[in-house]
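Read the structure below first, then the notes.
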Number of protein chains: 2
Amino acid sequence: MSHRENPRPGGRSARVQAAVHQSVRDILATMDRTDVTIPLIAQRANVTPSTIYRRWGDLQELLADVAAARLRPESEPPRIGSAREDLESWIEQYADEMASGVGRQMLRDVLSSTDGTSVEKCRCYMQQQLAVLIARAEKSGERFPDLEELMDHVISPIIYRILFDCPIGEDYVRELIAKVMQKFKG
Amino acid sequence: MSHRENPRPGGRSARVQAAVHQSVRDILATMDRTDVTIPLIAQRANVTPSTIYRRWGDLQELLADVAAARLRPESEPPRIGSAREDLESWIEQYADEMASGVGRQMLRDVLSSTDGTSVEKCRCYMQQQLAVLIARAEKSGERFPDLEELMDHVISPIIYRILFDCPIGEDYVRELIAKVMQKFKG
DNA sequence: GCACAAAAGCAAATAATTTGCGTTAGTTGG
DNA sequence: CCAACTAACGCAAATTATTTGCTTTTGTGC
């Protein structure tokens, strides 16, 4: 599937992809997840259903592709102050986004795809953002958890709770971060 | 949907459910996930497709239901020795099961269902097993992490890595447990 | 045993998916 | 700039899956 990766910008393939993605987003915003069909998406995007079937295979793959695209961060984590403050701010925003109705749906769409491309993208995006935060901390000489530590003990619990419908308290995220940071003090 | 919950044992409804579940398991063992269809499942289970559509709605829901049923533990965590040893043994077995091809697929099936019933079951099963271990520790007076601690810092990282295709090293699980237990020593 | 309700079967109608083939748009080499 | 060339699209027919109305069966309670 070479289409998915890097269709030449401006080409017909890219235009179709953009139209279909937009169509999916519009439709998902309007109607219930279970009523979405490929013919419907095709109609709104002004393409033939067979185009979508040929490019994406089935609805799950298409939704996963769209979700992965939406999960791509638009900017680096904002600079607030210390590395820890930047981390808290970014993670909280990330958790809120993922815990929202659409966020959860995107997560599930990404995970239910057979093909692993979207899941990988999703993970890479997140890791890149964390890497930026880690690099900043290193630059300013602050002690800071590494990528593994953050993934295992901050990101994982949050995502797990979202996926498995566990309640996430008001300052759950802050507490997770506090625990991870505390390891340097003991 | 009252069927899903507690069909009277021995009734027709229960027989159909068992036949369909078995059919799904057989088919999943044989062929690729993307080639599985409801008419196929129905045929092998000797029921009409409409029966399946009426009871489960669609393939995703059916697969989620079957997966949740398969994730139900058959027995309590085995007694090895100390509470910690019991925990290590059970978690390792749990992680292996989930990380296997079928385990991963079951997880994804459970998560991709729209209805939250299966996801809840899956979580409850796991929590019950952990609760048994916690109760044992309490009985024998050993210091032991609570449910939240185990979910957040042992189960979550494992499941996250499985879902997002991160490598899980040989003694990754043991290290997670070591970290969690260590908090009592500092 | 009889009446009732819940769930299954059957079959027709609808909708989605696949596929073969012709067409178009973008790319490349002269 | 023009002529092949190719990848991706459109179209439509064939196939397959899904929905639905109605009938029949099966298990339950009286």
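Order of the sequence lines fixes the chain letters, A, B, ..., with proteins taken first and strands second; residue numbering starts at 1 for each chain.
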Quickly work out the [X] [atom1] to [N] [atom2] distance and round it to whole Å.
{"X": "A:Arg54", "N": "D:dG10", "atom1": "CZ", "atom2": "C1'", "result": "10 Å"}
{"X": "B:Arg55", "N": "C:dA8", "atom1": "CZ", "atom2": "P", "result": "5 Å"}
{"X": "A:Asn46", "N": "D:dA8", "atom1": "CG", "atom2": "P", "result": "21 Å"}
{"X": "B:Arg12", "N": "D:dT26", "atom1": "CZ", "atom2": "P", "result": "7 Å"}
{"X": "A:Ile52", "N": "D:dC11", "atom1": "CD1", "atom2": "P", "result": "14 Å"}
{"X": "B:Trp56", "N": "D:dT19", "atom1": "CH2", "atom2": "P", "result": "15 Å"}

Side-chain N or O of A:Arg15 versus OP1/OP2 of C:dG26: is the shortest distance under 4.0 Å? yes
Would you say B:Thr51 reaches C:dG9's phosphate, i.e. side-chain N/O to OP1/OP2 under 4.0 Å? yes
Report the C-alpha distance between A:Ser113 and A:Gln60 in whole Å, list the side-chain angles of each, state the deciding distance to 0.1 Å, and finish with yes or no for side-chain hydrogen bond (donor to acceptor under 3.5 Å, both in side chains). CA-CA 6 Å; A:Ser113 134; A:Gln60 283 195 339; over 6 Å; no
For B:Gly57 and A:Pro49, take the nucleotide of DNA chain D holding the closest heavy atom to each; which residue's nucleotide lies nearer the 5' end? A:Pro49
Going by an N to O cut-off under 4.0 Å, is there a salt bridge joining B:Glu149 and B:Lys179? no
Is A:Arg70 paired with A:Glu97 through a side-chain N to carboxylate O contact shorter than 4.0 Å? no
May I ask you to list the residues of residues 25-43 of chain A, by number, that have any heavy atom positioned under 4.0 Å from an atom of DNA chain D? none
Less than 4.5 Å apart, side chain to side chain, heavy atoms only: is that true for [X] and [Y]?
{"X": "B:Val173", "Y": "B:Tyr94", "value": "no"}
{"X": "B:Leu163", "Y": "A:Ile159", "value": "no"}
{"X": "B:Val132", "Y": "B:Trp90", "value": "no"}

Looking at C:dC10, does its base get a donor-acceptor pair with the side chain of B:Ser50 below 3.5 Å? yes
